[in-house]
Amino acid sequence: MLKMNNNNTQPLEYSTEQGRMNILGFWIFIGAEIMLFGTLFASYFTLETRTGSGPAGAEIFELPPVLAETLLLLTSSFIIGLGIHAMRLGRKKAMMTFFIITLILGAAFLGFEIYEFIHYVHEGASLQTSAFTSILLTTLGTHGLHVTFGLAWGIVILIQVIKRGLTPQTANKSFIFSLYWHFLDVVWIFIFSFIYLKGMM
Amino acid sequence: MDFFERFLIPHPSPIIYASMAAIVLTTIAIIVGLTYFKKWGYLWREWLTTVDHKKIGIMYLISALLMLFRGGVDAIMMRAQTSMPENTLLDAQHYNEIFSTHGVVMIFFMAMGFIIALMNFVIPLQIGARDVAYPRLNAVSFWLYFMGAMLFNLSFVIGGSPSSGWTSYFPLAGSELSPSVGTNYYMLALQISGLGTLMTGINFIVTILKMRAPGMTLMKMPMFTWSGLITNIIIVFAFPVLTVALAMGTMDRLFGTNFFTTTDGGMDMLWANLFWVWGHPEVYILILPAFGIYSEVISTFAKRNLYGYNSMVASMVVISLLSFVVWVHHFFTMGQGAMVNSIFSITTMAIAIPTGIKIFNWLLTLWKGKIVFTVPMLYSLAFIPIFTIGGVTGVMLGMSAADYQYHNTMFLVAHFHLVIIPGVVFAMLAGLTYWWPKMFGFMLNERIGKWAFSFISIGTCVAFFPMFISGLDGQARRMYTYSESTGFGIWNMISFIGAIGLAIGFILIVYNIYYSTRYASRDVGDDPWDARSLEWATHNPVPEYNFAITPHVNSSQALWDSKKNGHTLFRDGLKEIHMPNNSGVPFVMSVFFFIFGFSFIFSMWITVIASLIGIFACMLHRSFENDHGHHISVEEIKRTESEVRGAKNE
Amino acid sequence: MKELFPAKHVMGFIFSLVLTGVALSVYFFDMSFFMGMTILLVTAFAQAALQLVLFMHAGESEDKNTIYTSVYYGIIIAVITVLGTMLAMIWGYV
Ligand code: HEM
Ligand SMILES: [Cu+2]
């Protein structure tokens, strides 16, 4: 099913016991993250209609930037998938190109998100305005912080791949980073569907 | 001057000033002592930088015991204040602070610290591993827990303690009604230690799933390891909820958001909801390791295999799921309609079923067993009836209609103390006594231990049974005093006497530790209790690498089988052993966390940012570091092994 | 070049764009709340499953059972938390 490096029976990132444990541990961490965002969604749905004297979602959401963010993140998730595929073929250059594109798309996503936040504040929807705006900006902000952290993390990993090449360790880190990035995309899909689209329905 | 005013205690008292002096003096004494005896290097090399799960376990243990005393002093003061009507030992504000810190310290820093201590020490040994899956992360976990605990305790002398209960309900905990920094301490300290706990959860799940000795399938794991696995699963899925709730609470207090406020759409009940979404699973996080310990202790001292291994495991799996669907029973009286209350009443009562199954399994293990009445066994035996009373009253509380009568009375206080004390404290004391020889190479004195046990078990009953009566009579919890005409005086006096009994018991335990350290024989062998599971198959004290040769396992009682049924544990020859290196980064990083928390509490944003940079620098350092651990050669293993054997014959 | 763009990934990407388009229909067309939510739930969870299986390789390693258990456990508990919270805080709150 998978093309292998050398004669190993497993891809590089799985080649050490510690590597396999790291991947499993990260999956369990993703389980915890599911719960973290689940709690934010539970709070969002509870506070969604509690707008106080501030605006409601339908009054401030704009489709174009949200759609742009969605497409950027979806594409970046696809691209990093290609990056891992290239890594498994041992194509270091290609892999790094894909990773760099991923990070650029991520940065563009962040740009749109910052624009969006400024727009909200202009519309009179700041963090303090109402329970709804508090939870809206906190939920988006938590995801945005994850992306920001991801950008820094991705750069750190790229540097290591450049310096050390594709070793079991760097491959392992890159793979785990890709898991993180895909997961952020999944979270965004839920934000897109249940915060924006539901709000504008 | 304005800057420094924020650090003052808003509501000081002589006790607080005395504590300040005591803290300063102790700190100076420690520093002078370490310098005088030239122990700084030792402390740094052997403890502050260690990644060894056994040493980390022992540090958790020491911290948990310290916290037990901090929480215990709070408790005695509360019982003393309420022992007589219209007593004036404490005023209302101090009473509020003390019941708040008591609850927080006991749950988060004593109970959690204690269970993680024993899991750390025992689980890798029980599964025949050399360490946990991520030893470095384990050190980070400990230091975050420790810094969280220290930060929280600092509130007593700098800035003022939180005073809105361990549940910290909004709007009382909001910045309007709790203007002092006390609740900031609550939010930040728990956030930091909670982060550590979450990492522990991930670490131990991976350890248990991936690092078991050959032959140890899941259904051949010792019961304590099973309980550890389930506990950590609950930790991983429950603690993120607390993380979010605490972050929202912090933002409400410091950034003016409106999550839990009563204006601009805020919803105070959402805090209660989120708190208990985490909170009920938390009580099972506390109780499950205890169930594991009792299973080990009871089968060891009844000299029988644990009855109903499969049903024990199944009931824990069921509990892990059910514990997430009952949380509303903590606020039946706070706004839900009959439909919601009924649903959660039913789920609540359902959780008593798997718990009951476990009780029957222990009873059936004891049945026809040759019972040896050691101290750990005494705690286990006392646990069964007292916990059952606590559990049954829990089911009473779980009936939502009836809960309107019990809620927020001393009846509730009696319930949860009668599950938590036998459930957690007895178990921890049993575990401590049981594994003590593995940790330190000698046994705790049985005679003093039995005295302590008597005081503690009788003290528990005397302290908490009267609360059922005064609670049903209408005494509300968290009231700092009451008038004589209520007639609560006598019950509270009895309670106070019980609390003194408990205090004497704990002092006896400390004395026992001192006494045994000085006088106990060091010649206890590797398996002083004639036990059944793997941790007793290695030496006393346990070498750095745990097992010179990885054991082979064929059942959940591998050691017993090797002693009685001719099973060979150690089949392979000696091989070089790979071990992780020590590192100071976890400690340094958590110091940054401490500074971060402290600055956040006092809204000192410059140091907040500086410490955040420090934290990220530590992570960066870790990422770029090339650390492949070190190897212990066969010669060195041989030397260590013969030394350990030699020590035994001293 | 071609080996860098495996058909499975490309198909998956196209499929996820299609799902996004379908989800967008709730914005462009008039429909009942129930209908809209159904569409959103189906498309969101389908997207998640796609990422999980195709891009995140959840099923490729020896630990796949643990991985799936952890994810399903997380999803189940998260859904319970969301629904239970809404039950207690909105639908059943009087
Ligand atoms: C048979 C199982 C149990 C049932 C049915 C049960 C039921 C309940 C109910 C309904 C309440 C809320 C009562 C009220 O606020 O009016 C409660 C409170 C509490 N329970 Fe339990 N419980 C059980 C076991 C446990 C265990 C094993 C622990 C801990 C190890 C525990 C710890 C607590 C605590 C700490 C509180 C009170 C928290 C507070 O309000 O400060 N319970 N229990
Ligand atoms: Cu509960």
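Order of the sequence lines sets the chain letters (A, B, ...), proteins ahead of strands, with each chain counted from 1. None of these values were measured; they are calculated from a predicted model.
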Using non-hydrogen atoms and a 4.5 Å limit, figure out which bit of [X] sits close to chain A: side chain, backbone, both or neither.
X: C:L41; result: both
X: C:V10; result: both
X: C:L4; result: both
X: C:Y93; result: neither
X: C:F28; result: side chain
X: C:M31; result: neither
X: C:L19; result: neither

Side chain, backbone, both or neither: which part of [X] has an atom under 4.5 Å from a heavy atom of chain C?
X: A:Y196; value: neither
X: A:L36; value: neither
X: A:Y14; value: side chain
X: A:L179; value: both
X: A:S178; value: neither
X: A:I23; value: neither
X: A:H85; value: side chain
X: A:T75; value: both
X: A:L24; value: side chain
X: A:F98; value: side chain
X: A:F175; value: side chain

Please tabulate, for side-chain N and O atoms in residues 64-73 of chain C, each donor-acceptor pair with protein atoms closer than 3.5 Å (sequence neighbours left out).
residue : atom : partner : partner atom : Å
C:T69   : OG1  : C:N65   : O            : 2.5
C:Y73   : OH   : B:S320  : O            : 3.2
C:Y73   : OH   : B:S320  : OG           : 3.1

Using the ring of each side chain (for Trp, its six-membered ring), is A:F29 parallel, tilted or perpendicular to A:F26, with breaks at 30° and 60°? tilted
Flag if over 12 foreign heavy atoms under 6.0 Å of CZ, A:F149: yes
Would you mind telling me which of C:E62, C:M89, C:Q47 has the largest number of heavy-atom pairs within less than 4.5 Å of chain A? C:Q47
Reference residue A:D185; test side chain to side chain contact (heavy atoms under 4.5 Å, CB included); the match among A:L74, A:I80, A:V147: A:L74
With side chain to side chain contact (heavy atoms under 4.5 Å, CB included) as the test, pick out the partner of A:E13 among A:K173, A:R20, A:R88. A:R88
For the ring pair C:F45 and A:F190, is the centre-to-centre distance below 6.0 Å? yes
Taking the six-membered ring for Trp and the single ring otherwise, decide whether the centroids of A:H122 and A:F117 are under 6.0 Å apart. no
